[in-house]
Number of protein chains: 2
Amino acid sequence: MPAKARIIPLKPPRDPAATKIRVLDAAEALFMEHGYEATSLRAITAAAEANLAAVNYHFGSKEELFQAVLTRRLDPMNQARVELLTRLEAGAGSRPLSCERILMALLIPALKLARDPERGGKDFLRLLGRAYADPAPFIRRFLSEQYAVMIARFKAAFARALPKLPRKELSWRLHFIMGALSYTLAGTDALKLIAELNPHESTNDEILLRRLAPFLLAGLEAPLPDLSAVTRDLDGELGRTA
Amino acid sequence: MPAKARIIPLKPPRDPAATKIRVLDAAEALFMEHGYEATSLRAITAAAEANLAAVNYHFGSKEELFQAVLTRRLDPMNQARVELLTRLEAGAGSRPLSCERILMALLIPALKLARDPERGGKDFLRLLGRAYADPAPFIRRFLSEQYAVMIARFKAAFARALPKLPRKELSWRLHFIMGALSYTLAGTDALKLIAELNPHESTNDEILLRRLAPFLLAGLEAPLPDLSAVTRDLDGELGRTA
DNA sequence: CTTGCATTCAAACGTTTGTTTGAAGCCTAC
DNA sequence: GTAGGCTTCAAACAAACGTTTGAATGCAAG
């Protein structure tokens with residue numbers, strides 16, 4: 001191949017995929033505000049100052065656009081979680097990592113994403129929390145694929161930190177943790193639904209996670225449920241109720 | 001007014017609001033399966049074997065139908081929660097109620113609803129969990145109104161049981177609890193998302209709540225977050241990350 | 001200049017949406 | 001029987017939906 005005098009193009013690549021990014025940004029904002037079904041491609045392309053056909057041209061379909069919106073932030077976040085966990089484990093040497101630190105590896109990347117001044121950030125986590133509850137098959141399939149390796153990785157880490165906790169119990173508690181986390185992050189006005197919190201720090205996700213972490217940590221390390229005893233008590237109340 | 005010989009109608013009232021109930025049932029099932037936006041009135045009326053116009057005739061609009069679907073189960077459940085709490089408090093006399101019992105008053109009516117063999121039941125709780133994450137203004141407005149008194153009532157009860165816990169912290173923890181609860185109940189295939197749980201008991205909501213209760217209880221009684229200490233540790237990891 | 005490729009655009013595609021309409025049906029009460 | 005109020009029905013409404021099309025446009029290489 002002759003060494004062609006490859007002159008550096010004076011013109012910068014103009015706007016490679018500029019409209020593609022504009023569409024992604026607009027879609028992210030609108031999906032988060034109204035949800036997937038309630039957001040039309042016309043609204044998205046209008047907000048992005050792009051042509052209606054741009055979505056189908058660049059992404060193929062509305063579903064693929066939604067997946068692209070999620071992947072853009074979700075993939076790096078989950079990757080950061082695994083990387084942080086790996087780093088912490090390496091730092092701990094042969095000693096098992098504490099639950100608290102494992103939990104931090106799970107929460108900190110989410111916090112960093114929420115803090116990201118770049119467009120999206122906090123709003124994206126709301127979108128994510130909402131996607132968690134979406135019954136659309138393609139969304140569920142996509143999310144379970146995105147989360148599979150990350151969850152498995154953390155489950156193994158927690159299992160080492162909590163050797164006495166049965167695996168099944170751990171699976172449930174991890175499920176509860178993801179639930180409280182995604183629900184909390186998804187909270188639109190849900191916060192006001194529960195209580196009037198001081199408005200000044202309501203947008204401060206760092207404080208939120210610092211409150212959430214001890215809550216989850218305590219739940220994770222809770223004593224095993226004494227099923228029979230709890231059941232008897234519970235049924236007693238149920239009997240009086242029924 | 002002359003005492004008219006009011007003969008007991010031989011014919012039973014035929015079908016008073018029969019189609020109305022059929023529409024409610026069909027709407028509940030379809031809303032739960034596909035979500036609010038993705039469910040069309042045509043699909044609902046077809047499943048209910050009713051005319052398309054029946055929805056607008058009986059309920060006024062699709063939004064009002066959705067609220068009717070939620071109210072039918074939600075209202076009795078929240079009422080049962082408050083009544084059970086009141087009964088437990090009365091039984092405890094002057095002594096403050098334990099956190100565990102207050103928590104049970106919150107969970108048991110949800111469990112009973114999930115157990116209800118009547119159409120709906122478990123499926124409805126999934127619909128409810130999903131509605132929690134829906135950004136539609138009329139849904140959020142409706143839910144916050146439905147929950148306001150119940151939440152306030154339980155917050156006061158928890159405040160008595162946990163006098164040392166600052167009110168703001170309690171508000172957050174109640175929020176986390178409602179999050180884990182609604183997310184867990186909303187779990188469609190979300191369970192499979194986290195872990196492969198044994199398929200036999202996966203539909204047993206009673207076991208689910210017996211696992212959830214200790215988790216939430218521990219979180220509720222968790223030590224106060226040592227904000228400064230946690231922060232320093234957290235920022236240390238963040239520093240290494242960034 | 002011309003060719004070729006990637007992108008943008010306006011317009012239209014065929015469905016599907018929630019809602020409305022006015023007539024038909026049914027049962028009760030007079 | 002006949003009037004009158006609910007309820008049901010088929011049909012149509014305008015609007016909005018996601019997607020497709022084919023021509024125009026801009027830019028780089030031959």
Side-chain angles (χ1 to χ4, degrees), chain A residues 1-24 26-27 30-31 33-69 134 136-139, chain B residues 1-24 26-27 30-31 33-69 134 136-139:
Chain A
M1 186 181 291
K4 232 193 300 186
R6 197 82 161 102
I7 299 174
I8 295 173
L10 293 181
K11 291 183 182 178
R14 209 177 55 101
D15 44 1
T19 69
K20 194 169 179 176
I21 291 181
R22 280 207 320 277
V23 169
L24 271 177
L30 288 174
F31 280 147
E33 189 174 353
H34 304 110
Y36 173 76
E37 298 278 357
T39 302
S40 71
L41 293 185
R42 283 170 173 82
I44 292 173
T45 51
E49 297 185 76
N51 188 275
L52 170 60
V55 168
N56 294 74
Y57 176 79
H58 285 287
F59 299 95
S61 67
K62 189 187 179 185
E63 291 192 358
E64 289 170 285
L65 168 63
F66 187 66
Q67 296 182 22
V69 167
D134 202 302
F138 85 94
I139 295 180
Chain B
M1 186 182 290
K4 231 191 300 187
R6 196 84 161 101
I7 299 174
I8 297 172
L10 294 179
K11 291 182 182 176
R14 210 178 58 100
D15 46 359
T19 67
K20 194 169 178 177
I21 291 180
R22 281 207 318 279
V23 169
L24 271 177
L30 288 173
F31 280 148
E33 190 175 352
H34 305 111
Y36 173 76
E37 297 280 356
T39 302
S40 70
L41 292 186
R42 281 167 176 83
I44 292 173
T45 51
E49 298 185 74
N51 188 274
L52 170 61
V55 168
N56 291 285
Y57 176 77
H58 285 287
F59 301 94
S61 68
K62 188 187 180 185
E63 290 192 358
E64 289 170 284
L65 168 63
F66 187 66
Q67 297 183 20
V69 166
D134 203 301
F138 85 94
I139 295 181

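Lettering of chains follows the sequences in order, A, B, ..., and the numbering in each one begins at 1. Hydrogens, waters and symmetry mates are skipped; everything else that's a heavy atom, side chains included, is used.
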A:Lys62 (side chain) donor-acceptor with A:Tyr36 (main chain) under 3.5 angstrom: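 Indeed, once roles are kept as given, a pair shorter than 3.5 Å links the two residues.
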
Donor-acceptor pairs under 3.5 angstrom involving side-chain atoms of residues 42-52 of chain A: please list them, not counting sequence neighbours.
residue: A:Thr45; atom: OG1; partner: A:Leu41; partner atom: O; Å: 2.9
residue: A:Thr45; atom: OG1; partner: A:Arg42; partner atom: O; Å: 3.2
residue: A:Asn51; atom: OD1; partner: A:Ala53; partner atom: N; Å: 2.8

Presence of B:Thr19 side-chain N/O under 4.0 Å of D:dT8 phosphate oxygens OP1/OP2: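 True: B:Thr19 side-chain N/O within range (under 4.0 Å) of D:dT8 OP1/OP2.
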
Any A:His58 side-chain nitrogen or oxygen under 4.0 Å from OP1 or OP2 of C:dA6: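 Looking at the OP1 and OP2 atoms of C:dA6, neither is under 4.0 Å from any side-chain N or O of A:His58.
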
Nearest-Å distance for atom pair [atom1]/[atom2], residues [X] and [N]:
X       : N      : atom1 : atom2 : value
A:Lys20 : C:dT8  : NZ    : P     : 11 Å
A:Tyr57 : D:dG22 : OH    : P     : 16 Å
A:Glu64 : D:dT19 : CD    : C1'   : 12 Å
A:Phe59 : D:dG18 : CZ    : P     : 15 Å

Can you see which heavy atom on B:Ser61 is nearest to which on B:Val55, and at what distance?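 Closest approach of B:Ser61 to B:Val55: O-CG1, 4.2 Å.
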
Can you tell me how far CG of B:Leu24 sits from CG of B:Leu65, rounded to the nearest 0.5 angstrom?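 Reported value, rounded in 0.5 Å steps: 6.5 Å.
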
Let me confirm one number: the CG-OG1 distance from A:Leu30 to A:Thr39, rounded to the nearest 0.5 Å.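 The CG atom of A:Leu30 sits 5.5 Å away from the OG1 atom of A:Thr39.
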
Taking ring-ring contact (aromatic ring centres under 6.0 Å, His included) as the test, write out the residues that go with B:Tyr57, two or more places apart.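 Scan of B:Tyr57 (ring-ring contact (aromatic ring centres under 6.0 Å, His included), adjacent residues dropped) gives none.
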
Atom pairs under 3.5 Å: protein N/O with N/O of nucleotides 16-22 of chain C:
residue: C:dT17; atom: OP1; partner: B:Ser40; partner atom: OG; Å: 3.3
residue: C:dG18; atom: OP1; partner: B:Thr39; partner atom: O; Å: 3.4
residue: C:dG18; atom: OP1; partner: B:Lys62; partner atom: NZ; Å: 2.8
residue: C:dG18; atom: OP2; partner: B:Leu41; partner atom: N; Å: 2.9
residue: C:dG18; atom: N7; partner: B:Arg42; partner atom: NH1; Å: 2.7
residue: C:dG18; atom: O6; partner: B:Arg42; partner atom: NH2; Å: 2.7
residue: C:dT19; atom: OP2; partner: B:Asn56; partner atom: OD1; Å: 3.3
residue: C:dT19; atom: OP2; partner: B:Lys62; partner atom: N; Å: 2.9

